[in-house]
Chemist: 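Quick one: this structure, given as structure tokens, is what I'll be asking you about.
One is the number of the first residue; the rest follow in order along the sequence. No experiment lies behind these values; they were computed from the predicted model shown.
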Amino acid sequence: MAEQIREADRYTIEHEPISSINLMERAASAFVELFIATYSTTNSIHIFCGYGNNGGDGLAIARLLLQKNYSVAVYLLADSKSYSADLLINLERLKEINEHCIQYVATAAGLIELSAHDITVDALFGSGLNRSLTGLAADLVSFLNKQKNIKVAVDIPSGLFADIVSDGLIFCAHHTITFQQPKLSFLFPENFYVVGRWETAAIGLHKDLIASITADHFITERADVQAMLPDRGKFDHKGTFGHAFIHAGNHGKMGAAVLCSAACMRTGAGLTTVHVPETTESTLNIAIPEVMTLSYSEKPRKGFNWTGFSAAGFGPGIGTDKIAANIFLSLIKNVNVPTVFDADALNIISTQKKGLNLLPKNCIITPHLKEFERLAGQTNNWYERHQRQLQISKQHSIYIVLKGAYSCITTPEGWSYFNPTGNPGMAKGGSGDVLTGIITGLLAQRCNPLQACLLGVYLHGLAGDIAVNKTSVQSLSASDIIANIGNAYNSLSAE
């Protein structure tokens with residue numbers, strides 16, 4: 001990613017054409033536009049600038065903020081022999097506006113403590129950094145991290161690597177304004193404490209190159225999923241939209257079956273049949289009269305007949321005891337429809353010898369972190385976990401939805417898609433059951449597995465976002481998500 005960013009800068013400079021100093025000006029202007037939308041002129045701004053072009057960005061930002069009547073102090077690392085050409089140009093431009101705001105820093109000792117009303121802007125190092133901070137830079141970041149004020153990073157917090165594991169001191173930003181696109185490291189939970197809230201400032205990198213770059217990592221956008229919405233014609237009927245089979249629920253966990261099947265129905269499956277233990281059918285019939293039930297005894301079925309079904313979802317609330325495991329494993333021996341595996345289905349698979357080999361090719365699994373670890377083993381960090389997820393998707397030809405903030409979808413081709421919708425209120429029991437139902441419902445409507453993953457995860461998060469605006473993150477429930485699937489569809493259908 002870092003190399004692609006450098007290539008995009010170079011290509012834009014050569015083919016727009018635009019000089020590197022003017023591209024830097026464009027980036028600084030885009031940063032300032034977002035910055036002033038959040039922070040007022042009553043705050044004192046302290047900008048710390050490194051030797052290279054990130055420092056040049058910081059100097060240009062300082063000049064633009066001065067012109068907008070902000071109180072600005074600049075701290076420039078004192079090594080003129082290391083300054084980039086564009087930094088020197090912006091240094092002279094800043095001096096023409098206010099030479100006295102610049103302080104050259106050779107040591108962190110003696111820097112004044114910042115007040116809670118001050119704002120620190122980190123423009124020390126950018127996305128090209130590939131080694132840990134040392135010396136003066138490390139001393140400065142250590143000093144700044146101890147201050148009790150608001151901290152904002154330019155493009156990327158200094159010390160954080162864009163697309164590899166970071167192993168040293170990192171500037172701890174509350175807010176990061178990044179250029180053109182988020183960095184991969186922003187999307188991993190372990191980096192939240194240094195990235196904080198992030199937003200993207202478009203700087204007009206050349207569209208031809210952006211379109212031509214071979215990328216493996218994506219963030220799903222609204223327009224992407226709008227194109228995937230299943231059509232519904234005037235003369236269509238319930239058979240047009242498929243028949244979903246859901247194996248869910250057990251004694252004490254029938255709520256999981258209710259949530260999963262209700263979400264499947266709300267997502268648009270023409271018919272939904274829920275496979276449940278004997279004596280529990282009434283739960284479904286009373287709670288959701290729109291879905292059908294098919295009961296089973298403690299003895300596994302031999303050669304389940306999949307005729308008439310167009311998709312299947314397995315796992316929510318089925319339990320992991322020997323009887324539950326035997327019934328589940330017998331069902332999937334001859335499954336021949338697009339399939340989702342979640343929850344206890346994944347826990348059962350993780351106990352089987354070479355369990356991942358039991359999964360049919362092109363199926364979807366939707367683990368949360370602990371379920372993923374049971375399947376894939378322990379990892380040391382989220383970057384390593386992401387690589388393991390990609391490896392398993394490719395090796396077993398399956399789609400993996402690793403749930404969480406920025407839920408990550410990986411594909412058999414080795415692509416990863418990060419989802420932007422959703423909120424902390426969805427961190428509740430039952431939310432995952434709802435997602436399984438949504439994805440199963442989309443598969444029933446003949447969405448392909450990638451479409452079902454991308455649209456399903458986005459729709460799930462969007463329904464949660466709409467729901468949380470009517471309640472709170474504390475009180476949001478899985479049922480609230482289901483109740484707002486229709487509103488999420490309406491939102492995506494709106495122009």
Side-chain angles (χ1 to χ4, degrees), residues 1-13 20 23-24 27-28 30-31 34 48-58 84 121-134 137-138 141 145 151-206 209-210 212-220 379-390 405-406 408 410 414-418 420:
M1 177 178 287
E3 181 57 39
Q4 291 173 331
I5 293 169
R6 286 191 290 271
E7 173 62 15
D9 286 346
R10 184 196 62 76
Y11 189 94
T12 301
I13 290 167
S20 60
L23 184 59
M24 183 177 286
F31 178 96
L34 293 178
F48 289 78
C49 300
Y51 312 109
N53 283 350
N54 201 242
D57 291 333
S84 71
V121 176
D122 164 31
L124 290 168
F125 295 96
S127 58
L129 187 71
N130 58 8
R131 57 185 176 85
S132 299
L133 299 179
T134 57
V141 168
N145 283 347
K151 302 174 182 67
V152 182
V154 177
D155 194 29
I156 188 170
S158 291
L160 180 67
F161 303 148
D163 49 11
I164 60 176
V165 177
S166 304
D167 57 2
L169 186 65
I170 303 171
F171 179 80
C172 296
H174 299 102
H175 182 192
T176 298
I177 299 176
T178 193
F179 297 138
Q180 197 65 35
Q181 67 278 309
K183 299 359 177 204
L184 179 63
S185 56
F186 291 9
L187 307 176
F188 295 149
E190 63 200 2
N191 294 324
F192 176 73
Y193 82 100
V194 297
V195 176
R197 177 176 70 91
W198 60 265
E199 55 185 328
T200 302
I203 62 173
L205 294 182
H206 204 287
L209 180 72
I210 297 297
S212 70
I213 288 176
T214 302
D216 297 325
H217 309 306
F218 309 90
I219 290 184
T220 308
T379 49
N380 296 314
N381 53 65
W382 274 90
Y383 180 81
E384 184 179 308
R385 187 170 293 118
H386 182 240
Q387 295 303 306
R388 184 78 56 84
Q389 184 183 349
L390 283 165
Y406 304 113
C408 180
T410 52
W415 302 329
S416 56
Y417 297 82
F418 293 86

Chemist: What are the two closest non-hydrogen atoms of A162 and S127, and how far apart are they?
Modeler: CB-O, 4.2 Å
Chemist: Report yes or no: does E190 contribute a side-chain atom to a donor-acceptor pair with the main-chain N or O of W382 at less than 3.5 Å?
Modeler: yes
Chemist: Among F48, F125, F171, exactly one meets side chain to side chain contact (heavy atoms under 4.5 Å, CB included) together with V141. Which residue is that?
Modeler: F171
Chemist: Quick one: OG1 on T379 to CD on E384, what's the gap to the nearest 0.5 Å?
Modeler: 5.5 Å
Chemist: Using side chain to side chain contact (heavy atoms under 4.5 Å, CB included), reason through Y193 and C172 one step at a time and then give a plain yes or no.
Modeler: CA-CA 6 Å; Y193 82 100; C172 296; 3.9 Å; yes
Chemist: Specify the closest pair of heavy atoms between L34 and T200, including all atoms of both residues, with the distance to one decimal.
Modeler: CD1-O, 3.7 Å
Chemist: Measure the spacing between CG of L390 and CH2 of W415 and express it to the nearest 0.5 Å.
Modeler: 12.5 Å
Chemist: Do D122 side-chain atoms and P157 backbone N/O form a donor-acceptor pair below 3.5 Å?
Modeler: no
Chemist: Please check: side-chain N/O of Q389 versus main-chain N/O of S416, any donor-acceptor pairing under 3.5 Å?
Modeler: no
Chemist: What distance separates T410 OG1 from R388 CZ, expressed to the nearest 0.5 Å?
Modeler: 13.0 Å
Chemist: Sub-3.5 Å donor-acceptor pair from the side chain of N191 to the main-chain atoms of L184, do we have one?
Modeler: no
Chemist: For S132 versus D167, what's the shortest heavy-atom pair and its separation?
Modeler: OG-OD1, 2.7 Å
Chemist: If you round to the nearest 0.5 Å, how far is OG1 of T176 from NE2 of H174?
Modeler: 10.5 Å
Chemist: What's the shortest heavy-atom distance between A123 and V154, and which atoms?
Modeler: CB-CG2, 4.0 Å
Chemist: Checking N53 against M24 for the side chain to side chain contact (heavy atoms under 4.5 Å, CB included) test, could you report, in this order, the C-alpha distance in whole Å, the side-chain angles of both residues, the deciding distance, and whether it holds?
Modeler: CA-CA 8 Å; N53 283 350; M24 183 177 286; 3.6 Å; yes
Chemist: For F192, does the CZ atom sit with more than 12 other heavy atoms under 6.0 Å from it, leaving out its own atoms?
Modeler: no
Chemist: Which heavy atom of Y406 sits nearest a heavy atom of F186, and at what distance?
Modeler: CE1-O, 4.4 Å
Chemist: Hey, what do you get for CD1 (I156) to CG (L129), rounding to the nearest 0.5 Å?
Modeler: 8.0 Å
Chemist: Does W198 form a side chain to side chain contact (heavy atoms under 4.5 Å, CB included) with L187? I'd like the steps, not just the answer.
Modeler: CA-CA 10 Å; W198 60 265; L187 307 176; 4.0 Å; yes
Chemist: L124 and S158: which non-hydrogen atoms are nearest, and at how many Å?
Modeler: CB-OG, 3.2 Å
Chemist: Would you sort out whether D155 and K183 count as a side chain to side chain contact (heavy atoms under 4.5 Å, CB included), showing the intermediate values?
Modeler: CA-CA 9 Å; D155 194 29; K183 299 359 177 204; 2.8 Å; yes
Chemist: So if I apply the side chain to side chain contact (heavy atoms under 4.5 Å, CB included) rule between F31 and each of T178, D57, V121, which one comes out positive?
Modeler: V121
